[in-house]
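The structure under discussion appears below in the form of structure tokens.
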Amino acid sequence: MTRGRRLGLALIALGLVFAAAAGEYSTWDWLILRREAEAERDRIAALRVEVDSLRKDAVAIETDAAVQERLARELYGMLRTGEFAYLIERGDTLDRGSARR
């Protein structure tokens, strides 16, 4: 192999290394960006599903009387006429520490 061929092969090899690893965006950077773009596309798809679900909930809250009643009961403790609200306190009524003294 002549000196010229070796030099030519070395230049080609250096050119390939430069093309893969150097420049404004290296191949490594490009692969990372491609992976990040795919992750963002997946996130956008999930957010679209969530927005659609929230939109359906908003329409139901505005138009469905049963949903409005359920929310009024859950969020604001509202009662129908004739209903009573009971507050049940949970806790230990016996102080075990003072019973042994």
Side-chain angles (χ1 to χ4, degrees):
M1 186 178 286
T2 66
R3 187 173 188 204
R5 279 193 176 187
R6 286 185 196 165
L7 182 60
L9 289 174
L11 287 175
I12 290 173
L14 285 173
L16 290 174
V17 168
F18 179 78
E24 188 171 348
Y25 290 106
S26 67
T27 303
W28 183 255
D29 292 335
W30 179 76
L31 291 172
I32 291 172
L33 288 173
R34 199 169 93 180
R35 188 175 336 122
E36 289 174 357
E38 183 65 30
E40 290 301 320
R41 279 192 286 274
D42 292 343
R43 183 164 153 67
I44 288 170
L47 287 173
R48 283 190 177 133
V49 169
E50 185 177 352
V51 167
D52 289 342
S53 174
L54 291 172
R55 189 173 287 131
K56 288 177 186 176
D57 289 346
V59 169
I61 290 169
E62 291 175 0
T63 59
D64 190 355
V67 173
Q68 292 169 353
E69 180 181 353
R70 180 179 55 84
L71 288 174
R73 288 172 172 274
E74 290 176 2
L75 298 176
Y76 305 112
M78 298 181 82
L79 303 172
R80 287 185 179 164
T81 305
E83 290 183 337
F84 297 97
Y86 293 95
L87 177 62
I88 300 173
E89 293 185 17
R90 299 180 191 264
D92 194 5
T93 57
L94 177 63
D95 184 11
R96 295 177 193 264
S98 63
R100 293 186 181 177
R101 290 184 187 166

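The structure presented is a predicted model; accordingly, all values stated were derived computationally and were not measured.
- In terms of hydrophobic clustering, with Ile, Leu, Val, Met, Phe, Trp and Tyr side chains grouped at heavy-atom distances under 4.5 Å, L31 and L33 are assigned to different clusters.
- Taking R43 as the reference, nothing meets the side-chain hydrogen bond (donor to acceptor under 3.5 Å, both in side chains) condition, with sequence neighbours excluded.
- Listed here is the closest heavy atom pair of R80 and E69: NH2-OE2, 2.6 Å.
- Under the 4.5 Å side-chain heavy-atom criterion for Ile, Leu, Val, Met, Phe, Trp and Tyr, I61 and Y76 are members of the same hydrophobic cluster.
- Atom CG of L9 and atom CG of L14 lie 11.0 Å apart (nearest 0.5 Å).
- The closest side-chain heavy-atom distance from E38 to R34 is not below 4.5 Å.
- The structure places CG of L7 at 10.0 Å from CD1 of I12, a figure rounded to the nearest 0.5 Å.
- Under the 4.5 Å side-chain heavy-atom criterion for Ile, Leu, Val, Met, Phe, Trp and Tyr, V59 and V67 are members of distinct hydrophobic clusters.
- The distance from atom CZ of R70 to atom CZ of R73, rounded to the nearest 0.5 Å, is 12.0 Å.
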